[in-house]
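Convention: sequence-line order gives letters A, B, ...; per-chain numbering from 1. Values in this document were obtained by computation on a predicted structure and should not be read as measured data.
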Amino acid sequence: MPEGHTLHRLARLHKRQYAGAPVEVSSPQGRFAVEASKVDGQVLVGAEAYGKHLFHDYGPPGIVHVHLGLYGTFSDLKPPVTEPVGQVRMRMVGREHWTDLRGPNRCELLDAAQVDAIKARLGPDPLRRDAKPDLAWERISRSKVSVAVLLMDQAVLAGVGNVYRAEVLFRHGVAPMLPGKALDPALWKDIWADLVLLMRVGVRVGRIDTVRPEHLPKATGRAPRVDRHGGEVYVYRRTGMPCLVCGTPIAHKDLAGRNLYWCPTCQPS
DNA sequence: GATCTATGTAGAT
DNA sequence: TCTACCTAGATCG
């Protein structure tokens with residue numbers, strides 16, 4: 001369940017639960033076994049997220065880099081530690097907490113230079129204090145590519161995924177297929193500021209909520225929508241359902257292999 | 001039990 | 001633009 005907010009939330013959680021003490025690291029499944037043995041028993045120095053990438057820093061032995069991909073997950077459990085069930089790529093056991101990582105796209109041990117290289121190819125992350133939104137604008141304002149594709153490009157913006165993309169475009173009335181270069185600079189500033197706001201809420205509550213109070217189904221009388229990703233949203237996975245603002249059926253199409261959702265009335269092209 | 005789907009990305013074509 | 005990959009829960013029959 002991974003957009004940037006999930007990874008930042010995990011970084012915060014892992015720092016709180018494991019940093020400053022030795023961690024038992026293993027790979028019950030075996031695919032990370034050699035690397036796990038190199039950090040097993042080491043003190044976790046820190047954890048941080050950059051976009052959708054998570055880094056566990058063990059000092060000299062190296063940094064564990066995790067990318068969850070589409071369906072990677074970390075559990076969050078307390079002792080007693082139980083036998084692994086299913087495919088557990090990495091298991092971390094601390095004093096008071098333990099976690100199993102399943103289904104990641106990446107789980108590897110890197111050195112500092114390799115971590116820097118990953119960060120260097122990512123655009124600004126709305127959840128990081130050191131983010132420079134102008135770097136994203138430089139790319140967007142010069143591009144013929146649609147804003148919908150640009151927002152998902154991790155080299156342009158880091159951490160935004162399919163849900164935040166659809167929702168932020170809706171909140172600003174932007175047609176998904178608008179070319180980046182046609183986007184108004186002031187509107188871009190608003191979109192960035194909104195991403196910072198929305199994604200911080202996401203880190204805090206652990207789900208993606210984007211609907212303003214006056215548009216919540218409670219207030220409008222429109223049918224509530226419960227999705228397994230758990231958040232309250234305007235358009236994501238609401239194909240054919242009435243727009244929470246104007247009632248128009250939400251549209252859907254496949255764009256570059258990903259599901260795109262928008263309201264044709266609120267986001268006119 | 002088989003099939004489908006997903007908040008993602010990299011590499012081949 | 002396509003395909004492969006990693007996994008589990010939902011849905012289908």
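Atom CD1 in A/Ile208 sits roughly 13 Å away from atom C1' in B/dG8 (whole-Å rounding). One atom, CZ of A/Arg237, and another, P of B/dT5, lie 11 Å apart when rounded to the nearest Å. Following rounding to the nearest Å, A/His5 (NE2) and B/dT7 (C1') show an atom-to-atom distance of 8 Å. Per the geometry, NE2 belonging to A/His65 stands 12 Å off C1' belonging to B/dG8, to the nearest Å. The separation between A/Leu70 atom CG and B/dG8 atom P is 6 Å, rounded to whole Å. Atom pair A/Asp100:CG and C/dA8:C1' shows a separation of 14 Å (rounding to whole Å applied). Atom C1' of nucleotide B/dT7 and atom CE of A/Met199 are separated by 11 Å, given to the nearest angstrom. Atom CZ of A/Arg238 is separated from atom P of B/dT7 by 16 Å (rounded to the nearest Å).
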Contact list (N/O, under 3.5 angstrom) for nucleotides 9-13 of chain B vs protein:
from, atom 1, to, atom 2, distance (Å)
B/dT9, OP1, A/His67, NE2, 3.3
B/dT9, OP2, A/Lys52, NZ, 3.2
B/dA10, OP1, A/Arg121, NH1, 3.2

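One finds the NZ atom of A/Lys78 at 5.0 Å from the NE2 atom of A/His97 (value rounded to the nearest 0.5 Å). Interatomic distance, CG of A/Leu151 versus OH of A/Tyr164, reported as 13.5 Å (0.5 Å rounding).
One P atom belongs to B/dT5, the other to C/dT3, and the distance between them is 15 Å to the nearest Å. Going from the P atom of B/dA10 to that of C/dA8 covers 23 Å, rounded to whole Å. For the P atoms, the distance linking C/dG9 with B/dT9 amounts to 22 Å, nearest Å.
For B/dT5, neither phosphate oxygen OP1 nor OP2 lies less than 4.0 angstrom from any side-chain nitrogen or oxygen of A/Asn259. At least one side-chain nitrogen or oxygen of A/Tyr236 sits closer than 4.0 Å to the OP1 or OP2 atom of B/dT7.
Side chain of A/Glu3 to backbone of A/Gly161: a donor-acceptor contact under 3.5 angstrom is found. A donor-acceptor pair is defined here as one N or O able to donate and one able to accept, closer than 3.5 Å; no such pair exists between the side chain of A/Ser141 and the backbone of A/Lys181.
Paired regions of DNA chain B, where each region holds three or more successive Watson-Crick or G-U pairs whose two hydrogen-bonding distances fall under 3.5 Å, are B:1-6 with C:7-12, B:8-12 with C:1-5.
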Let me check something: any side-chain donor-acceptor pairs from residues 189-206 of chain A under 3.5 Å, sequence neighbours excluded? List them with distances.
from, atom 1, to, atom 2, distance (Å)
A/Asp194, OD1, A/Arg171, NH2, 2.9
A/Asp194, OD2, A/Arg171, NE, 2.8
A/Asp194, OD2, A/His172, NE2, 2.8

Table please: side-chain donor-acceptor pairs of residues 110-118 of chain A below 3.5 Å, with sequence neighbours left out.
from, atom 1, to, atom 2, distance (Å)
A/Asp111, OD1, A/Ala113, N, 3.1
A/Asp111, OD1, A/Gln114, N, 2.9
A/Gln114, OE1, A/Asp111, N, 2.8

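Applying the salt bridge (charged side-chain N to carboxylate O under 4.0 Å, His left out) test to residues at least two apart or on different chains, none of the pairs has a partner in residues 247-262 of chain A.
Within 4.0 Å (heavy atoms only), A/Gln29 reaches sugar-phosphate atoms of the nucleic acid but no base atom.
Taking the centre of each ring, A/Tyr18 and A/His56 stay at or above the 6.0 Å mark.
Applying the 4.5 Å side-chain rule to ILVMFWY residues, one finds A/Leu77, A/Val93, A/Trp98 in the same cluster as A/Val81.
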